[in-house]
Amino acid sequence: LTLKNADLTTRSNFELTIPPDGSSPLLELETTIGRLDTAIISHYLPTGVLPTPVVSWLDRSIVSGYIPRAALTFVGPIIDFPFYDGKGRFSATVDIEDGVLDFVEDWPDARDISGTVEFLNEGFTARGTGNVIGENPVTISGGIPDMRNAVVLVDGQTTASMSDVLGYLKEVPFFAQQLGSDLRRLESNLGTTDVDFFLHLPLKDLTRYELDVQLDMHG
C-alpha cells in the first residue's frame, strides 16, 4: 500500500486480522516513510495514547529540520498500543538532519542536529551531533526511557572556547540565577574547555530539572 499527501509518502506491507469474537484487531505492519519536515511532525503523533506532557514538549521543542527517511514496525493488538505491558511490539528508526531543538524554554537552542532516533514500545533513545555551545559539534545521546514517566535524559560532550562557554552560562537562566550578577563580569579571551553535561528533565514539571556539568579548562 502506498499513501501520499502534501507532507510525505509511505509504503507499507501489512496484515490485519479481525477476530470474530469482537476483540481487538491484530496488526502486523512494516512501513517506510520518505522525506518529512519535522516542523509538522506533531500532526502525525498518536496524541490519543501518548501522555499530554510528552506531546506538548515534542510539539513545542521541535523547531525545524527534516527526516530523510524512517521505518517502523507494528506487531500486536491495536488496542494495546503503545504496548506498555509487552503484549506487542512497536519499533521505529528515524533519521534527522539539520534539526533545531528548543529542549528547555528560555535556554539556547540546539542547532544543526543530525542523528538517529529509535523508538521501542513505551520509550525512545536518540544519538547524534549538534551545536549547543559555540561552533564545535556536541556529541549527544539520550531520550525518554518510559513515556509514562515522561523524563527526558540528555548526555553530551564537546570542546569549546572558554569565551563561548562563558557566553552560554550567561544565557542559561539556571546559571544566571545561581551564580548571580557577578557572572556578567567574567570574560575570557584565551583557552579551551572540555564540557561534559547530563540533563534530567521531567516534562510534568520542567522547573524540577537536574543539570550536572563538568568543565576541564586548558590554557
Exercise. Check whether Val154 and Tyr209 end up in the same hydrophobic cluster, where Ile, Leu, Val, Met, Phe, Trp and Tyr are linked by side-chain heavy atoms less than 4.5 Å apart.
Key: yes
Self-check item: Test item: Asn131 and Pro137 side chains (from C-beta on) under 4.5 Å apart, heavy atoms
Solution: yes
Self-check item: Pairwise distance OG1(Thr31) to CG(Leu1) - rounded to 0.5 angstrom
Solution: 8.5 Å
Quiz item: Is Pro82 close to Asn121 at the side-chain level, that is, under 4.5 Å between some pair of heavy atoms?
Solution: no
Quiz item: Which heavy-atom pair separates Leu153 from Pro145 by the least distance, and what is that distance?
Solution: CD1-CG, 3.8 Å
Quiz prompt | Inter-residue atom distance Ser141.OG - Arg127.CZ, 0.5 Å rounding | solution = 10.0 Å
Exercise. Check for a donor-acceptor pair, side chain of Ser64 on one end and backbone N or O of Gly99 on the other, with a separation under 3.5 Å.
Key: no
Quiz item: Going only through I, L, V, M, F, W and Y residues with side-chain contacts under 4.5 Å, is there a path from Val117 to Val152?
Solution: yes
Quiz item: Taking atom CG of Leu101 and atom CD1 of Ile96, what is their separation to the nearest 0.5 Å?
Solution: 8.5 Å
Quiz: residues 196-205 side-chain donor-acceptor pairs under 3.5 angstrom, not counting sequence neighbours:
{"residue": "Lys204", "atom": "NZ", "partner": "Arg148", "partner atom": "O", "Å": "3.3"}
{"residue": "Asp205", "atom": "OD1", "partner": "Thr207", "partner atom": "N", "Å": "3.3"}
{"residue": "Asp205", "atom": "OD1", "partner": "Thr207", "partner atom": "OG1", "Å": "2.6"}

Quiz item: Looking at Asp194, Thr193, Val195, which hits side chain to side chain contact (heavy atoms under 4.5 Å, CB included) with Thr159?
Solution: Asp194
Practice problem: Answer yes or no: are there more than 12 heavy-atom neighbours, outside Ile79 itself, under 6.0 Å from its atom CD1? | Solution: no
Exercise. Return the orientation label for the Phe124 and Phe119 ring planes: parallel under 30°, perpendicular over 60°, tilted otherwise.
Key: tilted
Self-check item: Close side-chain approach of Leu29 and Leu72, heavy atoms under 4.5 Å
Solution: yes
Quiz item: Arg11 and Thr2: side-chain donor and acceptor closer than 3.5 Å?
Solution: yes
Practice problem: Examine distances only and state if a side-chain atom of Ser24 and a backbone atom of Ile78 form a donor-acceptor pair shorter than 3.5 Å. | Solution: yes
Quiz item: Atom CD1 in Ile140, atom OG1 in Thr129: separation rounded to 0.5 Å?
Solution: 7.5 Å
Self-check item: Asp216 vs Gln214, side-chain hydrogen bond (donor to acceptor under 3.5 Å, both in side chains): CA-CA, chis, key distance, verdict
Solution: CA-CA 7 Å; Asp216 293 325; Gln214 177 174 314; 3.3 Å; yes
Self-check item: Heavy-atom pair of closest approach, residues Val132 and Arg111
Solution: O-NH1, 4.1 Å
Self-check item: ILVMFWY network linking Val75 to Phe83, side-chain heavy atoms under 4.5 angstrom
Solution: no
Exercise. For atom CG of Leu190, decide whether the heavy atoms of other residues, nucleotides or ligands shown that lie under 6.0 angstrom number more than 12.
Key: no
Quiz item: Closest approach of Pro68 and Asp95, non-hydrogen atoms and distance?
Solution: CD-O, 3.2 Å
Practice problem: Answer yes if the side chains of Glu15 and Asn13 hold a donor-acceptor pair under 3.5 Å, and no otherwise. | Solution: no
Quiz item: What pair of heavy atoms forms the shortest contact from Gly65 to Asp37, and how long is it?
Solution: O-OD1, 3.1 Å
Quiz item: Are Tyr66 and Val94 connected in the hydrophobic side-chain network, where two residues link if heavy atoms are under 4.5 Å apart?
Solution: no
Quiz item: Linking I/L/V/M/F/W/Y whenever any side-chain heavy atoms sit under 4.5 Å apart, do Leu169 and Met217 land together?
Solution: yes
Quiz item: Do other residues, nucleotides or ligands put more than 12 heavy atoms under 6.0 Å from Asn189 CG?
Solution: no
Self-check item: Gap between atom OG of Ser163 and atom CD1 of Ile133 - 0.5 Å precision
Solution: 11.5 Å
Quiz prompt | Minimum side-chain heavy-atom gap Ile67-Ile33 below 4.5 Å | solution = no
Exercise. Search all heavy atoms of Val54 against all heavy atoms of Ala150 and return the closest pair with its distance.
Key: CG2-CB, 3.8 Å
Quiz item: At their closest point, which heavy atom of Leu36 faces which heavy atom of Asp7, and how far apart are they?
Solution: CD1-O, 3.9 Å
Quiz item: Under 3.5 Å, side chain of Asn149 to main-chain N/O of Val151, donor-acceptor pair present?
Solution: no
Quiz item: Would a distance-only check, ignoring hydrogens and angles, find a side-chain to backbone donor-acceptor pair under 3.5 Å from Asp98 to Asp112?
Solution: no
Quiz item: So which pairs with a foot in residues 80-92 pass side chain to side chain donor-acceptor pair (under 3.5 Å), sequence neighbours left out?
Solution: none
Quiz prompt | Straight-line distance of Leu186 CG to Leu166 CG, nearest 0.5 Å | solution = 6.0 Å
